[in-house]
A.B. asks: 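Dropping the structure in here first, questions after.
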Amino acid sequence: MAITRRRNAGKRQEPQKKGKIEKAHFDSGKKKEVGLADLTLLKNISDNDINQNLMQRFKAGIIYTFIGPVLISINPFKDLGIYTDKVIESYVGKNRLEVAPHVFAIAESMYYNLKSYHESQCVIISGESGAGKTEAAKRIMQYISSVSGGSHSESVQQIKNMVLATNPIMESFGNAKTLRNDNSSRFGKYLEINFNEKSEPVSGNITNYLLEKNRVVQQIDNERNFHIFYQLTKNAPENYRSSYGIQGPESYRYTKTCTSVTSIDDAREWNDTLQAMTTIGLSQAEQDEVFRVLAGVLWIGNITFKFNEEENAAVADTSVTDFVAYLLGVGSDSLTKAIIERTMETPGRGGETFHIPLNIVQATAVRDALAKGIYSNLFDWLVDRINKSLNNLNQPKANSIGILDIYGFEIFEHNSFEQLCINYVNEKLQQIFIELTLKAEQEEYVREQIEWKPIDYFNNKVVCDLIENTRPVGIFAALNDACATAHADSAAADSSFSQRLNMVTSNKHFELRSAKFIIKHYAGDVDYELANMTDKNKDQMLKDLREMVETSQNGFLSQTLFGPAYQPEVNKRGKPTTASDKIKKSANLLVETLSQATPSYIRTIKPNQRKGPLEYDEKQVLHQVKYLGLKENVRIRRAGFAYRTTFEKFAERFYLLSPKCSYAGDYIWEGEAQGACVQILKDSAIPTSEYQLGVTKIFIKSPETLFALETMKDKYWHNMAARIQRAWRKYWKRKVAAAVVFQRLWRERKDGNKFAQVRDYGTKLLGSRKERRSMSMLGSREFLGDYLACNDYSGIGRIIVKKTGINDKVVFSIRGELLQSKFGRSSLRLPKIFILTNSNFYIISESVVENQVSYVVEANISVSGIKAVSLTNLQDDWIAINMAQSTSPDYFLNCVFKTELLTHLKKVNNSLQITIGPVIEYRKKAGNKFHKIKSQISPAAPANYDNYKSSTIIVRQGLPPNSVSKKKPKGKPSDIKYPYKTRATGVSDTVRQAVSYNPAPTKTFSSQVSNGYNYGNNAAVAAVHKVPPPPPMMQQQQQQQQQQQPVMAPQQQPRPQAHKVPPAPPSQFSKSSGRTPPPKPIRASKPAPTPPSRKSKRPAPTPPSRRSVVSSPQPVVTPQRPVSHHQPRPVAQQPMVQQPMVQQPVVQQPVVQQPVVQQPVVQQPVAQQPVQAPAPPVSQIPAVPDYPTYKAAYTFQGTGAATELPINVGDVVYITKKETNGWWLAKTLDLVKEGWVPAAYVAECENPNKSVAVAAAVPAAVSQPVSNGYADQVTNPMAATAGYSSGASVAQSSAAATPGPQSVGFGEDLASAIAKKMGKYDSDSDEEKDDDDW
């Protein structure tokens, strides 16, 4: 059934709260909650409970879980499809508590804080190798790039594209396959995205940490070199292969260990890398040089050695060194000499230079050092080149978002210097996590004097000091000393390092063994091998190699990669810095950078070592849960506060929630900010247990409280905006309505009523050749044209023209029917929409597709291509559009405003022929074959409608073709005052005088046509168009009558009753279908009592014996007003009508055959007439409504909707409206209840009240048949779709002919109509509820 809005819906009482209310937390939304989305809600806090909750969610395909603001992420090792644009949209503008845990929730929180609080943000992603850190960093960059705005700026969009392009480049040159991860980051990266004041990205910067250079020259089994080498060797173009000697990966010593991985598509990633280089801004020349250097590194690995005569190293194949020299741009001899010899100088002024030959082991180490040095400098240059492109806008930055993607904690079978540096950095990250989330939080509670229960936690600072301290000596300091004192022999240096480690054995987190040492990290115990650790710490190329490269003729190699910017750093003593010095400095700078921003945390977990999709190893995950410190994190979140800020910032953000702190958007609190905070929380009904006041800050305990405050703030602005919109719409509607009234008055004063002139012109076009309908003869009928309001700024008509692409001005628009013929089947009358412009005539179909209304142009007919229109000579509404070309079929339409349609067609196409006759000929299909449509008069045809069957139009007899339209009716005087209370009361009198003044038109319609008549399209003109009041003589009589009658009490004044209109039936006339529902019946209301002292001057009807009988073969039928079911309000004294009514008995009606309907008489005392005899007394039995009666064949209980009428078997009801969708509007016999019933549940029967009413009523002959306007509407389904709601519709015409309160259009003057309309705008009941949203 149709949905109706209840007037008292806002007055319902809320249900009472129960004693125990379960604590609410945010719902994940689309999926059923599995486990707990936030670990702070755990009943028991333990490592096992955390592990079980994570496993339960992981097996359900949910990889994300919250610990307050910290996100736990488990690598699923498969694509779950949760990173699409649709998912991104679901997190935009959402609070963390509104959505399910996701990496996008962390990204949204960071970006929101950046915009709202103007604070720099950073995210620290930690976890072991293969846990998904790189993927999380990429997804954060994806989200920020998507939501950070700046789409209107080409430069901002360019920065976004560059930031995203850094991923494939950095992964290709810095990631490799390891035993634990196929895409493991072998370097650390901190990407910082800078934003301007508008929170748009304007620049960026990448800082890299500790590239694993040793991977270039050596990999263990089932591991690979960096991805770029395999991309190049497998997919290099032909020019690279011929110029750089590129071959397959199995041809090079550095790449032959493992050449292919099932999870890596080297060809696709090669294309992504090239595209990213172009996006970053690398020219083709720069790309060529990069790949030339990579080819040189690969060929360096293929240099082999043999023993010479002196048992020293010599190059085994000089062709390889020759080709390497060609790629590097150096001489072949200088390259060979730099590899197999080492130059040493004695100290002092007279120092000598010695050339020491190397053995094969030493020469191999020098060869590998050359390859590592070249690749390391290339990687550093590539990072600097990206930073240069990211900062080419030179715009000032306001804040930044940093994303840390760094290698995770590693424990291998053989751990060396690389693992020591990696684990040291992870220790530093764990330290900052502890300081910023655990220790700093407790210290702040103590500092702010907040009640707090301290929590014990492990502080890993002791492990960091063990590695990086200089006094007492740490591991890095001992390693540097060993490298400085025993630098000539690697074995001696390693032995010296082992001896120096005895100084740190007192630390309980350190153990020294024979060839290795153990450090007890927060993630577990790791043993490190001492062999070759000092060589790896030196991290520098030999002087011979650097001098050789500097002689290269390749400027990119000599001037760029080994230029001044990439010279080795030196310490305070002037010696080159070691690798441990560099990583220590970088780690401390990273910690300092992260401490300056508001951190967010993502703790990643690797579920299994086999990299199996959705496999969960409980033991392995439990170990990670412990060393990540998740239990301590949960405990502190449960005992702490979710939000804290200074009093000033809190008051500034939420002062709108308190009327004592804000007025009209201004901050009016005069006391201290702390008092304002307390007042805000008090007015917001926040309990005191949910917050604490510190010395300088306020602490909110639960995140739900903060979210409630944010929601109330958003609703405040929404309510204020709605209030302003409501006031503006009221003002604008009043202004427009007033302007429309005065514009219409001025136009009528100057040129007359243009719409009536168009009507008269259309009547002339018919040439008295076609019978007319009674509605067409009404004086109020005007040709308004655009009945669907297509030219307005809003409404259904505007929607139709937008969806169909009609851009021209609409001359005529209406709903009608199109006859569709099918072979072997009856023709169908399909509802359509007709729109006429100055150049085209459109036939549009309306349908519902996926719960949305769709409009499709079925026919676009050029007006110039229409040859003629054909109509019958009867009163039917069919019209044939005859095309000029036989190649296209004609169109057979049914349009209630057919005369108006052909009038406008004639105006835009002056050569149009109008054919009227008993037969219509039109082409069903393209060709010269015409189909004939006959017309037939039948009394059985429905009133004001027709039947079409077997190429025959069946219709009732209409009015004579030469019928003349009635004069425009005059309105009644009204006592309603102008609704503007702030204005003078004389305004209504002024308007009434303006309406009364109606001079003759100064221009004829023919002159308007010749000058290019503008038809107009404003439906509002017809809506407020009223007629002048009665002439002065009638006003004088009314005043005399009012003086003779006693004054009535205000509460006894009969007023028009407001009638509730039932909603549309439950069918295709739904809101989503877009079809206009049929006219809704008016529910009978209780008539107002007639004052006993008021007498009517109405003349008595003529007795039956005195009625004249007029006999005529062609009787002139004067249609009477339809019977009103409502008590009319008392009117002023009316003069007697001087012209007698032409009456005729029913039996002598030769043509018009309509049922005899008894005319009810208004129950008022009849005044005595000295000349005529009094009329017979009126029967007190109410007239039986002239509705068909139906008996219920089945019981219909209904669905409980207010618009349905439940009936039982045997119940007899009136059927007041029949819809084609199977629902009829029924009314009980006592006219009390009304509602929709299924048509299949009732059967027609005789009215049981009719016999009683006929027997008891006083017999009275009816002078002539009465046309029941209500019944006409019921039997005319075209009234439902003809677009009568705009302009002078049939519904308005029917109302005009009905006496009583419904005759607003013709029973009241313009001032009364304006007053009522303005009064409707003043009411705040319905409009304020419906107009909040546009």
Side-chain angles (χ1 to χ4, degrees), residues 168-177 215-219 224-262 264-280 282-304 315-332 335-336 339 367-368 370-379 381-382 385 549 552-558 560-561:
I169 297 178
M170 292 291 95
E171 288 187 10
S172 296
F173 285 84
N175 289 21
K177 178 194 178 302
R215 182 167 294 273
V216 177
V217 299
Q218 183 181 8
Q219 310 93 34
R224 294 208 315 178
N225 207 326
F226 293 106
H227 295 324
I228 188 62
F229 290 112
Y230 302 93
Q231 298 174 14
L232 176 64
T233 54
K234 292 181 180 180
N235 307 282
E238 189 60 33
N239 60 328
Y240 284 176
R241 296 188 180 276
S242 60
S243 301
Y244 307 151
I246 303 298
Q247 301 177 10
E250 64 280 354
S251 301
Y252 299 102
R253 187 184 302 273
Y254 288 163
T255 57
K256 68 179 182 179
T257 303
C258 178
T259 59
S260 299
V261 182
T262 57
I264 298 177
D265 187 352
D266 292 313
R268 179 180 58 82
E269 293 186 359
W270 165 258
N271 295 328
D272 294 342
T273 302
L274 294 180
Q275 180 63 37
M277 285 183 170
T278 304
T279 303
I280 287 296
L282 268 70
S283 63
Q284 186 61 44
E286 290 176 320
Q287 296 181 30
D288 294 342
E289 292 296 341
V290 169
F291 295 125
R292 183 189 185 99
V293 171
L294 291 177
V297 171
L298 290 174
W299 279 106
I300 288 174
N302 283 3
I303 299 176
T304 57
V315 176
D317 187 359
T318 56
S319 62
V320 176
T321 54
D322 292 344
F323 193 74
V324 172
Y326 154 73
L327 293 176
L328 301 182
V330 298
S332 178
L335 173 62
T336 303
I339 293 176
R367 178 201 65 187
D368 294 342
L370 176 62
K372 291 189 293 183
I374 293 176
Y375 189 83
S376 176
N377 285 20
L378 175 65
F379 187 84
W381 172 85
L382 195 59
R385 182 62 180 84
V549 172
S552 173
Q553 297 179 358
N554 185 346
F556 179 75
L557 186 64
S558 60
T560 303
L561 298 187

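Computed from a prediction, not measured in an experiment: that's the story for all the values here. Heavy-atom basis, side chains included; hydrogens, waters and symmetry copies ignored.
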A.B. asks: OG1/T304 to CZ/R367 distance, rounded to the nearest 0.5 angstrom?
C.D. replies: 8.0 Å
A.B. asks: Could you tell me which non-hydrogen atom of Y252 sits nearest to which non-hydrogen atom of G245, and how far apart they are?
C.D. replies: OH-O, 3.0 Å
A.B. asks: N302 side chain to R253 main-chain N or O, any donor-acceptor pair under 3.5 Å?
C.D. replies: yes
A.B. asks: Looking at NE2 of H227 and CE of M170, how far apart are the two atoms once the value is rounded to the nearest 0.5 Å?
C.D. replies: 13.0 Å
A.B. asks: Please step through side chain to side chain contact (heavy atoms under 4.5 Å, CB included) for the pair R292 and E289, ending with a clear verdict.
C.D. replies: CA-CA 5 Å; R292 183 189 185 99; E289 292 296 341; 3.9 Å; yes
A.B. asks: Are T273 and I228 packed together at the side-chain level, in the sense that at least one heavy-atom pair is separated by less than 4.5 angstrom?
C.D. replies: yes
A.B. asks: Can you tell me if Y326 uses its side chain to pair, donor with acceptor, with the backbone of S332 under 3.5 Å?
C.D. replies: no
A.B. asks: If you define the side chain from C-beta out and look only at heavy atoms, does anything of F226 sit under 4.5 Å from F379?
C.D. replies: no
A.B. asks: Side-chain donor-acceptor pair under 3.5 Å between N271 and Q275, yes or no?
C.D. replies: no
A.B. asks: Show the numbers, then the answer: is there a side chain to side chain contact (heavy atoms under 4.5 Å, CB included) between I303 and D317?
C.D. replies: CA-CA 7 Å; I303 299 176; D317 187 359; over 6 Å; no
A.B. asks: Has Q219 got a side-chain atom pairing as donor or acceptor with R215's backbone, closer than 3.5 angstrom?
C.D. replies: yes
A.B. asks: Do L232 and I246 come within less than 4.5 Å of each other through their side chains, counting heavy atoms only?
C.D. replies: yes
A.B. asks: State whether a side-chain donor-acceptor pair under 3.5 Å links D368 with Y254.
C.D. replies: yes
A.B. asks: Between F173 and Y375, does a side chain to side chain contact (heavy atoms under 4.5 Å, CB included) hold up when you go through it step by step?
C.D. replies: CA-CA 9 Å; F173 285 84; Y375 189 83; 3.8 Å; yes
A.B. asks: Report yes if the distance between the aromatic ring centroids of Y240 and F291 is under 6.0 Å, otherwise no.
C.D. replies: yes
A.B. asks: Does D266 pair with R224 as a salt bridge, N-O distance under 4.0 Å?
C.D. replies: yes
A.B. asks: Taking the six-membered ring for Trp and the full ring for Phe, Tyr or His, determine whether the centres of Y230 and W270 are under 6.0 Å apart.
C.D. replies: no
A.B. asks: So how far is it from L335 CG to F323 CZ, rounded to the nearest 0.5 Å?
C.D. replies: 13.0 Å
A.B. asks: What is the minimum heavy-atom distance between M277 and V290, and which atoms define it?
C.D. replies: CE-CG1, 4.5 Å
A.B. asks: Closest heavy-atom contact between L561 and L378?
C.D. replies: CD2-CA, 3.9 Å
A.B. asks: Nearest heavy-atom pair of K256 and E250: which atoms, and what distance?
C.D. replies: CB-O, 3.9 Å
A.B. asks: Should Q247 and T233 be marked as a side-chain hydrogen bond (donor to acceptor under 3.5 Å, both in side chains) after you check the CA-CA gap, both sets of side-chain angles, and the distance that decides it?
C.D. replies: CA-CA 6 Å; Q247 301 177 10; T233 54; over 6 Å; no
A.B. asks: Between T278 and L274, is there a donor-acceptor pair closer than 3.5 Å when you use the side chain of the first and the backbone of the second?
C.D. replies: yes
A.B. asks: Kindly determine whether L557 and V330 satisfy side chain to side chain contact (heavy atoms under 4.5 Å, CB included), including the steps that lead there.
C.D. replies: CA-CA 10 Å; L557 186 64; V330 298; 5.5 Å; no
A.B. asks: Would a 4.5 Å heavy-atom cut-off, applied to side chains only, mark L282 and R385 as touching?
C.D. replies: yes
A.B. asks: Do you know the tightest heavy-atom contact between L298 and F229?
C.D. replies: CD2-CD2, 3.4 Å
A.B. asks: With a 4.5 Å heavy-atom cut-off, do I169 and I280 have their side chains touching?
C.D. replies: yes
A.B. asks: Determine yes or no for a side-chain-to-main-chain donor-acceptor pair under 3.5 angstrom, with S242 supplying the side chain and N239 the backbone.
C.D. replies: yes
A.B. asks: Nearest 0.5 Å, what's the CG-CD1 distance between L370 and I374?
C.D. replies: 4.0 Å
A.B. asks: For a quick check under 3.5 Å, do N225 and T255 share a side-chain donor-acceptor pair by atom type?
C.D. replies: no
A.B. asks: How long is the gap from CG on L328 to CD on Q553, to the nearest 0.5 Å?
C.D. replies: 12.0 Å
A.B. asks: Does the separation of the ring centres of F556 and W381 fall below 6.0 angstrom?
C.D. replies: yes
A.B. asks: Any chance the side chains of K234 and T259 put a donor and an acceptor closer than 3.5 Å?
C.D. replies: no
A.B. asks: For the residue pair S552 / N554, report whether a side-chain donor-acceptor contact shorter than 3.5 Å exists.
C.D. replies: no
A.B. asks: Write down the atom of I300, the atom of V324, and the distance for their closest heavy-atom approach.
C.D. replies: CG1-CG1, 3.6 Å
A.B. asks: Side chains of S172 and E269: donor-acceptor distance under 3.5 Å anywhere?
C.D. replies: no
